[in-house]
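Before any comments, here is the structure.
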Protein chains: 2
Amino acid sequence: MQAGEITKYEYYITKGCLKVYTLDEDGTPHISMFAVEDYWTGDMASFMTREPSRYFIKATEDSELLGISRTNYDLLFQEIPKFERFYRILYQKSLISYIRRTNHGISLTAEERFVVFKRKYPSIVNRITQKDLAAYIGITPEFMSKIISKVNRM
Amino acid sequence: MQAGEITKYEYYITKGCLKVYTLDEDGTPHISMFAVEDYWTGDMASFMTREPSRYFIKATEDSELLGISRTNYDLLFQEIPKFERFYRILYQKSLISYIRRTNHGISLTAEERFVVFKRKYPSIVNRITQKDLAAYIGITPEFMSKIISKVNRM
DNA sequence: TAAAAGTCTTAAACTAGTTTATTTTTTTTC
DNA sequence: GAAAAAAAATAAACTAGTTTAAGACTTTTA
C-alpha cells in the first residue's frame with residue numbers, strides 16, 4: 001500500500017510479516033509497527049474517513065492476508081448488532097495498549113528501547129533488517145549498528 | 001488522584017484544568033495530557049481492568065468535574081444498547097487521533113513540538129507553569145526556558 | 001559469475017538536549 | 001509586608017544520538 005491511496009481493506013495476517021511506515025519531510029522512514037501472523041493491520045484512519053492514507057505498508061517477506069472491505073465491515077454491524085459490543089471492547093483495549101506502549105517508551109534511551117523490543121518480540125528481531133529496526137526504534141542505522149554490537153558484547 | 005489507586009470514575013470537566021502524569025524511575029514527571037473544559041479524563045486502563053493506576057491527576061487550578069462510576073458505565077450499555085455503537089465510534093476516533101498525535105510528534109525537535117502545541121492550544125499555554133509545559137513537551141525545565149526565550153526573541 | 005545495488009561497520013566532527021550549580025524573579029504564607 | 005518557598009533564567013561541562021564519509025560484506029540482477 002502507498003501513502004496517498006485510500007485504504008480499502010483492513011487486513012488479517014495469516015502468514016508473513018509487514019511493515020507499516022510513514023516518511024517524514026526529510027524522507028526518513030518511521031515504522032509504526034511490524035505486523036506478523038495473527039495481527040490486524042491497515043490504516044484505520046483512512047479506512048474509516050475515506051481520506052488518503054499517510055502510510056505505506058510493505059511485506060518484508062512472502063505473506064498471506066485476509067481482507068475485509070469497508071462495505072462488509074459496515075454490513076457486519078448492520079446484520080449482527082452484537083458486533084458493536086465486540087468492537088467497542090476491541091477498540092477500547094487497543095487504545096489502552098497503545099497508550100501504555102507509547103507511555104512506556106518515554107524516558108527510555110534507544111538502547112533500552114531496543115533491549116525491551118528484543119525481549120518482547122525475539123522472533124521479529126531475526127526476521128527484519130537492521131535498517132528497519134532502526135526506523136522502528138527511532139534512530140539512524142549507524143547508531144543502531146553501534147547499539148547492537150554493544151549489546152552483543154555484553 | 002494518586003498512582004497506586006484504582007480509578008473509580010471517568011471525569012468530564014466543566015471548568016478548570018487538570019494534568020495527567022506519571023513519574024518514571026528517576027521520579028521525573030511525564031505529563032500525558034492537560035484536560036480542560038469539555039474534555040474527558042481519568043485512567044481508562046485502570047477504570048476498565050480495576051488494576052491500580054500508574055497515573056497521578058492533579059488540578060492546576062480550581063476545577064469542577066462530573067464523574068461516572070464503573071457501575072453506571074456498565075449499566076448504560078445494559079439499559080441502552082444503542083450506546084454500544086456510540087462508544088464503539090468514540091473509542092475508534094480516540095484511537096485514530098491518538099495514533100495521529102504520537103506519530104506527528106515523531107521527528108520534530110522539542111522547539112517544533114512547543115511551537116505546534118502553542119499554535120494548537122494557545123489558551124492552555126498561558127494557564128500552566130513552564131515546568132509543567134516542559135514535562136509535557138518531554139524536556140527539562142532549563143531547556144524549556146531556553147526555548148521559550150528563543151521563540152519569543154523571534 | 002561479474003557488476004551493481006543495497007546493507008552493515010567504523011570513526012570523527014557535530015548538535016540537541018541534560019546535568020549541575022548559581023542567581024534572579026515570582027508566588028505563597030504567616 | 002517580610003520571610004520562605006517555588007519557579008524561572010543563565011551558563012558551563014557533559015552525553016545521547018546525528019551527520020558525513022569511506023570501506024567491507026551480502027544480496028540481487030543481467
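A, B, ... follow the sequence lines: proteins, then strands. Residue 1 opens every chain. The structure presented is a predicted model; accordingly, all values stated were derived computationally and were not measured.
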May I have the distance from B/I147 (atom CD1) to C/dT15 (atom P), rounded to whole angstrom?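 Spelled out: CD1 on B/I147 to P on C/dT15 is 17 Å.
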
Find the distance B/L133:CG to D/dA7:C1' and express it as a whole number of Å. 13 Å

Show your reasoning for whether side chain to side chain contact (heavy atoms under 4.5 Å, CB included) applies to B/Y21 and B/K58. CA-CA 8 Å; B/Y21 64 100; B/K58 235 179 226 172; 3.4 Å; yes

Could you please spell out the steps behind the side chain to side chain contact (heavy atoms under 4.5 Å, CB included) verdict for B/F34 and B/D132? CA-CA 10 Å; B/F34 294 106; B/D132 278 348; 4.2 Å; yes

So which residues get pulled into A/L108's cluster when ILVMFWY side chains under 4.5 Å apart are joined, directly or through others? A/V116

Using the rule given for ring-ring contact (aromatic ring centres under 6.0 Å, His included), can you reason through B/Y87 versus B/Y73, listing the C-alpha separation, both sets of side-chain angles and the distance that settles it, and then say yes or no? CA-CA 11 Å; B/Y87 271 88; B/Y73 175 88; 5.7 Å; yes

4.5 Å side-chain heavy-atom contact, A/I148 and A/Q130: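 They are in contact (side-chain heavy atoms under 4.5 Å apart), so the answer is yes.
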
Could B/R88 and A/F77 be counted as a cation-pi pair, given that NZ or CZ must be under 6.0 Å from the ring centre and within 45° of the axis?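 Pair B/R88/A/F77 counts as cation-pi.
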
With the threshold set at under 4.0 Å for non-hydrogen atoms, list the residues of residues 107-121 of chain B touching DNA chain D in residue-number order. none

Please verify the inter-ring angle class for A/F83 with A/F86; under 30° counts as parallel, over 60° as perpendicular, anything in between as tilted. perpendicular

For a quick test of your reading: what N or O donor-acceptor pairs under 3.5 Å do the side chains of residues 137-146 of chain A make, sequence neighbours left out?
unit_1	atom_1	unit_2	atom_2	d
A/T140	OG1	A/F143	N	3.2

Starting from the first five and the last five pairs of the helix from C/dT1-D/dA30 to C/dC30-D/dG1, work out the angle between the resulting helix axes, to 10 degrees. 50°

Would you say B/D24 and B/H30 are linked by a side-chain donor-acceptor pair, where the criterion is simply a distance under 3.5 Å? yes

Close N or O pairs between protein and nucleotides 7-11 of chain C (under 3.5 Å):
unit_1	atom_1	unit_2	atom_2	d
C/dT7	OP2	A/K131	NZ	2.8
C/dC8	OP1	A/Q130	N	3.3
C/dC8	OP2	A/K131	N	3.2
C/dT9	OP2	A/Q130	NE2	2.4
C/dT9	OP2	A/S145	OG	2.9
C/dT9	O5'	A/S145	OG	3.4

Apply side chain to side chain donor-acceptor pair (under 3.5 Å) to B/D26 and list each qualifying residue two or more places apart in sequence or on a separate chain. none

